[in-house]
Amino acid sequence: GLSMHETKGRSNLGFVVFLCAVCICGILLVVWSGRRRELGPHPRPCQSRLHQLDVALMDYSFPPHTCYPSNLSLLGDRVSPEEFVCYRSGSMAGSMSNVMDWMDLIYVSGLGPATPVGTPVLICPPIFHEGKGGFVLGSDHSTLWVPSPNIDILINKLYSNSDVSIIVS
C-alpha cells in the first residue's frame with residue numbers, strides 16, 4: 001500500500017495539474033477575447049449582410065461581376081431591404097424602390113469593368129460601430145473589418161475620387 005506521505009504527494013500533484021489547466025484556459029480566453037475586439041463589435045451580422053448584398057450584386061451584374069448598378073433599387077427582389085440596414089443603427093428598412101434614400105450603408109456607384117481588385121463597393125460606416133471601424137465589401141467579394149482611423153482615411157479617399165459617386169442617405 002501507499003503511505004500517507006505518498007498519497008498526499010499525489011493529491012498535491014493533481015492539484016498543481018488542475019491549476020495549470022485552469023491557467024491555460026484563462027490565457028486562451030484572454031487571447032480569444034482580444035481577437036474578438038480586433039474584429040470589431042459583433043462582426044457576424046454586418047459581414048453576413050454585406051455577403052448577401054454581394055451575392056445580389058453578382059446576380060445583377062455580368063462578368064467580370066464589377067459592372068454594378070447605378071441605383072441599388074435595381075436589385076429588386078434579389079435581396080431583402082433589411083440587408084441595407086446595420087443592425088446596430090436602430091433604423092427601419094424601407095421600400096426597395098427608394099433604398100438609396102434610407103439605407104445605412106455607403107455605396108460606391110460608377111464602378112465598371114476596369115475597377116481595380118479590392119475597391120470598396122459598400123461600407124457599413126464606423127458611426128454604427130462605436131467609431132472603432134467599419135465593414136467593407138470589396139470588388140473582389142471580400143468582406144473585411146477596417147479599424148479606425150484606416151476606415152476614415154478610406155472613406156475620405158473615396159470622396160476625393162472624381163471617378164466614382166459616393167451615395168449616402
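Predicted model only: the values in this text are computed from it and were never measured.
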Less than 4.5 Å apart, any side-chain heavy atom of C46 and any of R49? no
Working to the nearest 0.5 angstrom, can you tell me the gap between [X] [atom1] and [Y] [atom2]?
{"X": "F135", "Y": "F128", "atom1": "CZ", "atom2": "CZ", "result": "13.0 Å"}
{"X": "M103", "Y": "C124", "atom1": "CE", "atom2": "SG", "result": "11.0 Å"}
{"X": "L74", "Y": "M100", "atom1": "CG", "atom2": "CE", "result": "9.0 Å"}
{"X": "D140", "Y": "D54", "atom1": "CG", "atom2": "CG", "result": "9.0 Å"}
{"X": "L72", "Y": "S109", "atom1": "CG", "atom2": "OG", "result": "7.5 Å"}

Exercise: identify the closest heavy-atom pair between [X] and [Y]:
{"X": "G133", "Y": "I151", "value": "CA-CG2, 3.8 Å"}
{"X": "S139", "Y": "G118", "value": "OG-N, 3.1 Å"}
{"X": "C86", "Y": "D104", "value": "N-OD2, 2.9 Å"}
{"X": "L50", "Y": "L137", "value": "O-CD2, 3.8 Å"}
{"X": "P69", "Y": "Y60", "value": "CB-CE2, 3.4 Å"}

Is atom CG of D77 surrounded by more than 12 heavy atoms (other residues, nucleotides or ligands) closer than 6.0 Å? no
Quick check: are there more than 12 heavy atoms from other residues, nucleotides or ligands sitting under 6.0 Å from CD1 of I127? no
Dump the intermediate steps for side-chain contact (heavy atoms from CB on, under 4.5 Å) on L75 and V99, then the final yes or no. CA-CA 10 Å; L75 295 178; V99 66; over 6 Å; no
Tell me whether [X] shares a hydrophobic cluster with [Y], the cluster being built from Ile, Leu, Val, Met, Phe, Trp, Tyr side chains joined at under 4.5 Å.
{"X": "Y159", "Y": "Y68", "answer": "yes"}
{"X": "V121", "Y": "I153", "answer": "no"}
{"X": "L144", "Y": "I155", "answer": "no"}

Does the side-chain contact (heavy atoms from CB on, under 4.5 Å) test come out yes or no for M92 and W102, once each step is laid out? CA-CA 9 Å; M92 299 296 292; W102 56 260; over 6 Å; no
For L105 and L53: C-alpha separation, side-chain torsions, deciding distance, then whether side-chain contact (heavy atoms from CB on, under 4.5 Å) applies. CA-CA 11 Å; L105 306 175; L53 291 169; 3.5 Å; yes
Paired with P120, the side chain to side chain contact (heavy atoms under 4.5 Å, CB included) test is passed by just one of L111, I106, V146, L154, namely L154
Let me see the working for S80 and E83 under side-chain contact (heavy atoms from CB on, under 4.5 Å), right down to the final yes or no. CA-CA 6 Å; S80 165; E83 303 300 335; 4.3 Å; yes
